[in-house]
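Numbering starts at 1 and runs along the sequence shown. Each ligand, and each atom within it, is numbered from 1 in the order the structure gives.
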Amino acid sequence: MADLIIKNAYILTMDPEAGDIKNGVVVVEDGKIKEVGTSTECTAKKVIDAKGSVLMPGLVNTHCHAGMTIFRGYADDMQLQDWLENHIWPAEAKLTDDDIYAGTRLACLEMIRSGTIAFADMYIHENRVAQAVDEAGIRAALSYGMIDFGDKEKADKELEVGSAFVKEWNGKAGGRIITMYGPHAPNTCSRDFLIRVKEQAVRDNVKLHIHVLETEAELNYMKENFGMCSIHFLKGIDFWGTDVLAAHCVWLSDGDIKILAEYGVNISHNPNSNMKLASGICPVTKLIDAGANVCLGTDGCASNNNLDMFEEMRSAALLQKVSVMDPTVLPARKVLEMATVNGAKALGINSGMLKEGYNADMIIIDMNKAHLAPVYDVASHLVYAASGKDVRTTIVAGKVLMDDGKVLSMDEQEVIDIAIKASKDLLGRIGN
Ligand SMILES: N[C@@H](CCSC[C@H]1O[C@@H](n2cnc3c(=O)[nH]cnc32)[C@H](O)[C@@H]1O)C(=O)O
Ligand SMILES: [Zn+2]
């Protein structure tokens, strides 16, 4: 007997061979997809009738600082450097591991509610992030964010913490957690430190998660200090490879784009964060045309300010169209691919498609809504009309985490209340 059957769904498999399936059926067993088709002989412990709904792979958020939900709306409308140096970093210094746990639980709740089944994180007290992920039932690629500012002692300490985290949590939560190394950025990590981290990641056979060329300020800093941009600098220390997830990649030359594509780098495009911080516009179309793997991320809640990947898909499509003054770029299906297939590839997880043998990481979107009627093209609605609020069911590793709008893996009000209390206590500690 299978664990779960979903029937009568309009299925977006995201599998180029299977395409869309009308009145489709998916059978789930032991956390994996057992069958995808139009009928099945199987029976199951639980059957979901998805009539009038769309079933698709869940969304993959490839750049986040989940615990920063605690800072949602804390510091808006300022430049990145001012925001980081004068507001966020001083506040982060007062964060406790309980704050991070509370903030990450809130992030997991928000992501489960809005159809995200996996996210890539880079933050502090990452062991408490992992604990929250384990309990919430979501999938995640987690890294302890490391900064050395050229201080050898800090570098040693950061790598010790980052390495211990990688080893302790890789593969945990029934395989839902994978770990990465998280060197923060080329202008906050020294050359030697970046070399050491890359070597350690290769030895540990895990990927790397780094911010790259989010702002023109980083580009200028790298040119002044190293005589070259971050892309050429990282190439010079053999940093690039398919094991790298680079967030932002806004300030790129055509030569940089060629390098990123050539090395198979995974690029996490964060349109809402880039717009909110006025960081710039990532040349997504050029990167895709060059063959790079471009996926989508929200960044932290303090620079978005939510974790709704449907909003991120819409922003990515609209921002790119107006930035190149061509409405034909980034069509809906391409954006859906970025948020599912490409995101899964970037994290190295077997999700992102509804295909036999893949992780049963999927979502059901209720299409019986005024703002989703009538339906000519499902993909169009998912990108240009829907939001995370239209997700009714979220399944990760075959487990139903939200069933018809009710979150089953956590007490929603308790999670919200604890996060609000943590933010109030934090304000008291920050003293404003
Ligand atoms: N161990 C490090 C912490 C790094 S965690 C990841 C860092 O990225 C910061 N961060 C959040 N959003 C952004 C962004 O958009 N660009 C760059 N850094 C960010 C976040 O505030 C956090 O300090 C230290 O010693 O500071
Ligand atoms: Zn970030």
What atoms of ligand 1 come within less than 4.0 Å of a heavy atom belonging to [X]?
X    : answer
L80  : 14 (C), 15 (O), 16 (N)
I88  : 21 (O)
I124 : 3 (C)
D299 : 12 (N), 14 (C), 15 (O)
Y144 : 1 (N)
M122 : 6 (C)

Taking the basic N atoms (NZ, or NE/NH1/NH2) and the acidic carboxylate oxygens, is any pair closer than 4.0 Å for [X] and [Y]?
X    : Y    : answer
K207 : D243 : no
K157 : E153 : no
D148 : R191 : no
R333 : D20  : yes
D299 : K276 : no
R105 : E412 : no
R139 : D361 : yes
D326 : K321 : no
E337 : K334 : yes

The Zn ion (ligand 2) has as its nearest N, O or S atom from H63 the atom NE2
If the cut-off is 2.8 Å, does any N/O/S atom of D299 fall short of it from the Zn ion (ligand 2)? yes
* Any N, O or S atom of C64 closer than 2.8 Å to the Zn ion (ligand 2) -> no
Atom 21 (O) of ligand 1 has as its nearest protein heavy atom E92 OE2, 2.6 Å
If you scan protein heavy atoms around atom 26 (O) of ligand 1, the nearest is I147 CD1, 3.6 Å
Taking the Zn ion (ligand 2) as the apex, H211 NE2 and H65 NE2 span an angle, rounded to 10°, of 100°
Can you tell which of [options] gets a heavy atom nearest to [atom]?
atom                    : options              : result
atom 4 (C) of ligand 1  : G145, A91, A185, G67 : G145
atom 14 (C) of ligand 1 : H184, E218, E214     : E214
atom 1 (N) of ligand 1  : M146, M68, E158      : E158

Between ligand 1 and [X], is the shortest N or O to N or O distance under 3.5 Å?
X    : value
W89  : yes
K154 : yes
Y123 : no

So for W83 against ligand 1, with non-hydrogen atoms under 4.0 Å, the contacting part is side chain
Check: If you measure only the distance, is there a donor-acceptor pair under 3.5 Å linking the side chains of N359 and K32?
Finding: yes
> Are F226 and F233 near enough that their ring centres are under 6.0 Å apart?
Replying inline: yes
query: Does the ring center of H63 lie less than 6.0 Å from the ring center of H209?
result: yes
